[in-house]
Amino acid sequence: QVQLVESGGGLVQAGGSLRLSCAASGIIFSINAMGWYRQAPGKQRELVARIGSGGRTAYVDSVKGRFTISRDNAKNTVYLQMNSLKPEDTAVYYCNVFRWDNQPMASWGQGTQVTVSS
């Protein structure tokens, strides 16, 4: 079974920083691309950042220059460093594994809440 456990969220003021972690099990972590997603109130879940098995990264335009995705294969963990946070970053953040068709796997974790106050 695939298990994804997100942590590190919290309440911060605009301009602050948070570092999210996602511990994965049940997959061969080192050969899978990983991604961070978020879902804000009243909005669909969106892909925020992706990191490939070789370390290549990609970001949605709204977070470029502020967020950094990274991975530690020895710990089966993917991270999202979030700096210069804005109120519009408020959402529940999830990680997941990319399938062969570039879609996330069906088994989502519980997510971690990020709230940015103004």
Side-chain angles (χ1 to χ4, degrees):
Q1 64 175 357
V2 177
Q3 187 174 74
L4 302 165
V5 181
E6 300 93 342
S7 62
L11 173 63
V12 299
Q13 294 186 12
S17 298
L18 285 172
R19 191 188 192 213
L20 308 184
S21 298
C22 170
S25 62
I27 61 169
I28 306 175
F29 184 84
S30 63
I31 65 171
N32 280 286
M34 302 291 296
W36 281 99
Y37 301 74
R38 67 185 180 188
Q39 187 166 29
K43 295 185 177 180
Q44 293 183 322
R45 183 156 48 202
E46 67 169 340
L47 176 63
V48 175
R50 172 189 173 120
I51 184 165
S53 60
R56 296 181 301 277
T57 59
Y59 304 89
V60 68
D61 285 346
S62 60
V63 309
K64 286 181 180 177
R66 300 189 298 119
F67 291 10
T68 303
I69 187 171
S70 61
R71 65 193 297 160
D72 185 341
N73 289 345
K75 298 178 66 175
N76 283 10
T77 301
V78 61
Y79 304 94
L80 186 67
Q81 178 67 47
M82 306 185 296
N83 299 325
S84 302
L85 283 162
K86 304 175 180 179
E88 50 263 45
D89 295 319
T90 295
V92 178
Y93 284 72
Y94 304 86
C95 66
N96 214 322
V97 184
F98 283 90
R99 308 190 316 188
W100 58 271
D101 62 353
N102 207 37
Q103 297 298 309
M105 298 182 74
S107 55
W108 295 88
Q110 81 287 351
T112 185
Q113 175 72 49
V114 172
T115 302
V116 184
S117 65
S118 59

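All values below come from the heavy atoms of this structure, side chains included, with hydrogens, waters and symmetry mates left out.
- If you check the side chains of Asn102 and Arg50, you find a donor sitting under 3.5 Å from an acceptor.
- In the hydrophobic clustering of ILVMFWY residues, with side-chain heavy atoms under 4.5 Å counting as a link, Val116 and Phe67 come out together.
- Remark: Leu18 CG to Leu11 CG distance equals 9.0 Å, nearest 0.5 Å.
- Taking OG1 from Thr57 and CZ from Arg71, the interatomic distance works out to 11.5 Å, rounded to the nearest 0.5 Å.
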Quiz item: side-chain contact (heavy atoms from CB on, under 4.5 Å) between Arg56 and Ile51: does it pass, once the steps are laid out?
Solution: CA-CA 5 Å; Arg56 296 181 301 277; Ile51 184 165; over 6 Å; no
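- Shortest non-hydrogen contact noted between Tyr59 and Ile69 is OH-N, 3.0 Å.
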Please output the side-chain donor-acceptor pairs of residues 40-49 that fall under 3.5 Å, not counting sequence neighbours, one pair per line with the distance.
residue	atom	partner	partner atom	Å
Glu46	OE2	Arg38	NE	2.8
Glu46	OE2	Arg38	NH2	3.3

Quiz item: Should Met105 and Asn32 be marked as a side-chain contact (heavy atoms from CB on, under 4.5 Å) after you check the CA-CA gap, both sets of side-chain angles, and the distance that decides it?
Solution: CA-CA 11 Å; Met105 298 182 74; Asn32 280 286; 5.8 Å; no
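- For the pair Glu6/Tyr93, no side-chain contact is recorded, criterion being any heavy-atom separation below 4.5 Å from C-beta on.
- Counting heavy atoms from C-beta on, the side chains of Tyr94 and Leu20 never come closer than 4.5 Å.
- Residue Val2 comes nearest to Gly26 through the heavy atom pair CG2-O, 3.9 Å, listed as atom of the first residue, atom of the second, then distance.
- A heavy-atom distance below 4.5 Å is found between the side chains of Gln113 and Thr90.
- Taking all atoms of both residues into account, the shortest heavy-atom contact from Val78 to Trp36 is O-CZ2, 3.7 Å.
- The minimum heavy-atom distance between Asp101 and Arg99, with the atom names listed, is OD2-NH2, 2.5 Å.
- Gly8 and Thr112 make their closest contact through N-OG1, 3.9 Å (heavy atoms, listed as atom of the first residue, atom of the second, distance).
- Val97 and Leu80 fall within a single hydrophobic cluster, where Ile, Leu, Val, Met, Phe, Trp and Tyr are joined by side-chain heavy atoms under 4.5 Å apart, directly or via other members.
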Exercise. For Lys86 and Asp89, run salt bridge (charged side-chain N to carboxylate O under 4.0 Å, His left out): C-alpha distance rounded to whole Å, both residues' side-chain angles, the deciding distance at 0.1 Å, then the answer.
Key: CA-CA 5 Å; Lys86 304 175 180 179; Asp89 295 319; over 6 Å; no
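- A pairwise comparison of heavy atoms in Ser17 and Asn83 identifies OG-OD1, 2.9 Å as the closest pair.
- Residues Leu85 and Val60 share a hydrophobic cluster, clusters being chains of Ile/Leu/Val/Met/Phe/Trp/Tyr side chains in contact below 4.5 Å.
- Classified by interplanar angle (parallel below 30°, tilted 30° to 60°, perpendicular above 60°), the ring pair Trp108/Tyr37 is perpendicular.
- If you take CE on Met34 and OG on Ser53, they are separated by 12.0 Å, rounding to the nearest 0.5 Å.
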Quiz item: Should Val12 and Met82 be marked as a side-chain contact (heavy atoms from CB on, under 4.5 Å) after you check the CA-CA gap, both sets of side-chain angles, and the distance that decides it?
Solution: CA-CA 11 Å; Val12 299; Met82 306 185 296; over 6 Å; no
